[in-house]
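Lettering follows sequence order; numbering is per chain, from 1.
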Amino acid sequence: MTDTVLAPPSGTGTPSTAPTSLAPTPRGLWRRARWYLAFLVALLIGAVAVTALGQDHSYPPLDPRSYDRDGAHAVVALLERQGVTAEFTADPTGSPAGPDTLVLPEPDLLSPTQLRAVAAARHRRLVLIAPGPAALTALAPGIRLSDEDGGLPYASVHSTPADCPVIEAARAGSAQLGGMLYTSGSRGEGCYPRGHGYSLVSTPGAGGDVIVLGTGAFLHNEQLPKDGDASLALGLLGSQPRLTWHLPDYSAPLPDGVRARKTFGDYIPNGWHWAYYQLVVAAVLAALWRGRRLGPVVSEDLPVVVRASETTEGRARLYRRAKARGRAAEALRRAAGHRLAPALGVPLQAGVPDPDALCAAAAARLPDRPVGDVRALLYGPPPTDDTALLRLADDLDTLERQVRNP
Amino acid sequence: MALTGRTALLAALGALVVGLLLPSAAGIWLVTGAVLLAVAVDLVLAAPVRDLRFGRGGTTTVRLGEPATVELTVTNPSGRPLRALLRDAWAPSAWRPGTAGTASRHALTVPGGERRRAVTVLTPSRRGDHHAHRVTVRSFGPLGLAARQGSHLVPWTVRALPPFASRKHLPSRLARLRELDGRTSVLTRGQGTEFDSLREYLPGDDVRSIDWRASARRNTVAVRTWRPERDRHILVVLDTGRTSAGRVGDAPRLDAALDAALLLTALATRAGDRVDLLAHDLHKRAAVAGCSAHEVLPAFTNAMAGLEPALHETDLRALVSTALKMAPQRSLIVLLTGLDAAPVEDGLRPLLPLLTKRHEVVLASVADPRLDVLAAGRGTVEAVYGAAAAEQTRADRRATADRLTRHGVTVLDAPPAQIAPVLADAYLALKAAGRL
């Protein structure tokens with residue numbers, strides 16, 4: 001703003017010849033994009049460096065080569081120190097039978113043919129970890145998942161007492177068990193009972209005995225020092241001079257029969273899958289069409305707005321919170337007196353009417369209200385509770401009404 | 001660049017081709033490639049956006065709430081015809097609420113080498129300068145599959161002037177002014193202090209106004225007539241500080257103050273007085289001085305258009321010294337400010353003698369009708385405490401006003417709808433009493 005009269009903005013109204021385009025020049029584009037490009041290049045270099053340098057193997061749980069929390073390297077190392085020969089194999093059918101222990105961490109991933117071959121191989125001890133019905137039928141006949149009364153055959157893993165005559169379990173005492181729960185069958189012996197099932201069942205098999213475990217958690221590197229986990233692990237896996245640990249192939253297709261249900265896609269003729277992909281392309285194009293806006297959003301510089309009565313309302317809340325009935329009553333009485341004075345013809349002195357004159361004038365106007373009554377209302381003691389304050393406000397209103405219309 | 005719905009539709013129809021004839025990845029590549037090729041051809045054939053030339057014209061000032069038309073001339077220097085969707089973007093408050101989406105868009109066809117005009121109708125809903133943002137053009141190709149898109153900056157400013165809603169009160173106040181002026185036939189002694197002329201005594205004239213000396217020279221009894229003073233100086237001082245930002249009803253206090261100042265200015269200009277304007281908070285925001293009678297109102301509205309309440313405490317010392325500089329001779333100083341106890345007691349009262357020594361001072365303040373609503377609250381504890389607080393606020397304002405009155409200041413305290421006529425009436429009363 002200036003001292004002079006502000007001239008209205010001037011305009012020519014004729015088309016200008018100067019270019020007004022805001023389209024970025026190549027130089028401007030480069031300047032805007034260069035930091036993003038530099039960041040992208042740095043990111044790429046970093047990613048390549050990390051993949052090149054870090055030979056990071058990640059093993060699945062219960063892998064005997066894994067040093068992770070859920071690996072099983074510790075138990076294998078302990079067994080080897082005790083003179084057990086440990087070997088790992090991807091094919092459980094290939095290992096020769098004899099005085100050995102075969103550990104199957106994922107028996108459900110074996111095909112029925114492999115299961116039959118394992119059953120026929122007559123291993124001295126077979127350890128199955130969380131087997132499903134198919135594996136149980138093939139390798140540990142007579143033992144079923146404990147789902148008799150419709151409940152889930154599952155319990156959380158925590159410290160559980162052994163509570164059974166199997167030597168290894170009795171020696172180990174309580175251990176971190178749980179997981180899948182099984183029945184003990186007619187010939188088997190169940191340990192670590194949870195609910196109505198057992199999380200460890202030992203049953204005689206074709207070549208020796210079969211140990212069915214509800215969970216392999218006690219074999220984890222992290223769990224081994226707890227409870228009797230180490231004792232139980234060494235006892236179960238170290239009874240024979242040779243240990244074969246199966247490394248399941250998680251990427252192999254599931255055995256037949258597992259995926260029985262057909263999805264909606266299976267009913268569409270083969271060629272139309274490609275039409276569906278073409279529709280996806282169309283959807284992407286539609287998204288590009290709808291997503292492009294015609295110029296950026298224009299924002300408004302909003303002014304600051306404060307309600308003028310904000311301070312008064314704040315004062316009212318303060319009065320209420322502080323229970324300032326005296327002040328509130330004083331304000332109401334003074335306002336009533338200020339309004340009554342001109343109606344009764346009482347002069348104001350410094351903005352306030354004289355109390356005696358005001359009360360006398362009001363009483364004179366209203367014959368049925370004595371002076372003392374009016375004085376108590378206008379200049380009485382402050383009200384003691386909120387109800388009295390409400391009554392005072394109403395009484396002041398009544399008095400004003402009566403004075404105006406006697 | 002931008003795509004259109006046709007591209008997506010074409011790609012979707014391509015699904016039939018893929019499904020029936022070419023159910024393979026190659027089919028998808030073929031169909032999508034064909035669509036993209038068509039898009040590329042369309043893009044190449046579309047008229048370039050970057051080379052377009054623009055010009056503006058139309059309204060530059062508009063009264064708040066009235067429509068303003070701004071023309072945009074588009075010249076297409078290329079040889080190809082331009083089929084375009086154009087968006088003339090302005091801030092949201094420049095449009096009638098809810099119409100920004102449709103009113104800003106224009107469909108245009110400009111043949112090669114020619115020029116067309118698009119008319120944008122703005123209806124500003126906020127006082128002040130509204131600036132044009134960018135003009136975005138989407139130039140479609142002949143197939144309608146894709147478009148080139150780009151923006152141009154074509155500056156233009158539309159100034160929304162204060163609405164001057166109180167001008168409806170002007171005719172009645174002008175009639176009162178004419179009565180004062182003696183231009184209507186009032187047979188009593190003319191009000192005012194400025195000697196006008198001598199005329200013959202008529203029954204009913206005040207005997208005190210008989211000029212005996214003149215009567216002695218003539219054979220008849222002559223009376224003096226008086227008329228209100230003319231050519232007095234009025235300085236309207238707008239406080240645009242913190243207190244003017246408070247919202248009363250739907251608008252800030254400042255808007256009501258501007259309205260009152262405009263009515264006073266219109267009235268005083270007709271009465272032959274000179275009016276100057278000063279808007280001040282921490283610094284001088286606007287000042288208009290020395291305008292002739294017919295240009296003072298446009299100059300004021302123009303200067304007021306850009307005023308916004310500032311969130312500072314007003315520097316009253318600077319305000320008073322500036323006002324004194326602008327009013328070297330005796331003037332009527334109209335202060336449009338608040339009646340809050342603290343700034344008036346601490347800031348204004350020590351400075352008042354400076355103003356009242358030589359000038360007539362009127363302080364006009366916009367009252368809040370919400371206080372009356374609060375003060376009438378009864379029935380619940382919350383309402384009664386609210387009523388007490390409102391009465392306390394009113395008592396404080398009254399006390400401040402009383403103290404100012406004792407300093408010889410005329411204090412006006414009226415709600416926003418009444419402040420303009422109340423101020424005009426106060427001016428007329430001062431004029432009638434010859435106190436200017």
- [ ] May I ask you to decide if B:V158's main-chain N or O and B:T60's side chain share a donor-acceptor pair within less than 3.5 Å?
- [x] no
- [ ] Report the option among A:A282, A:A283, A:A308 that has the most heavy-atom pairs separated by less than 4.5 Å from atoms of chain B.
- [x] A:A308
- [ ] Could you tell me which portion of A:S299 (side chain, backbone, both or neither) has an atom closer than 4.5 angstrom to a non-hydrogen atom of chain B?
- [x] backbone
- [ ] Output the option from A:L288, A:L285, A:L389, A:V298 having the highest count of non-hydrogen pairs under 4.5 Å with chain B.
- [x] A:V298
Task: Option in A:E330, A:R325, A:E310 with maximal non-hydrogen atom pairs under 4.5 Å from chain B - done: A:R325
Open item on the list: I'd like to know if the side chain of A:R365 and the backbone of A:V403 have a donor-acceptor N/O pair within less than 3.5 Å.
Closed with: yes
- [ ] Please determine, by modelled atom types, if A:Q402 and A:R369 share a side-chain donor-acceptor pair under 3.5 angstrom.
- [x] yes
Open item on the list: I need the residue from A:R333, A:R293, A:R327 with the largest number of non-hydrogen atom pairs under 4.5 Å to chain B.
Closed with: A:R293
Task: Region of A:A329 that comes under 4.5 Å of a non-hydrogen atom in chain B - done: neither
TODO: Counting only heavy atoms closer than 4.5 Å, note whether A:D301 contacts chain B via side chain, backbone, both or neither.
DONE: backbone
Task: Region of A:R315 that comes under 4.5 Å of a non-hydrogen atom in chain B - done: both
Open item on the list: Keeping B:R378 on the side-chain end and B:A375 on the backbone end, is there a donor-acceptor pair under 3.5 Å?
Closed with: yes
TODO: Could you check which of B:D402, B:T7, B:V248, B:V31 has the highest count of heavy-atom pairs closer than 4.5 Å to chain A?
DONE: B:V31
Task: Portion of B:R50 that has a non-hydrogen atom of chain A nearer than 4.5 angstrom - done: both
Open item on the list: Are the side chains of A:L279 and A:W272 in contact, using a 4.5 Å heavy-atom criterion?
Closed with: no
Task: Residue part contacting chain B, namely of A:P296, when any heavy atom lies under 4.5 Å - done: both
Task: Result of checking B:T73, B:T157, B:D88 against B:R56 for side-chain hydrogen bond (donor to acceptor under 3.5 Å, both in side chains) - done: B:D88
Task: Worked check of side chain to side chain donor-acceptor pair (under 3.5 Å) between A:T312 and B:T393 - done: CA-CA 7 Å; A:T312 306; B:T393 307; 3.3 Å; yes
Task: Heavy-atom proximity to chain A below 4.5 Å, by part of B:R117 - done: neither
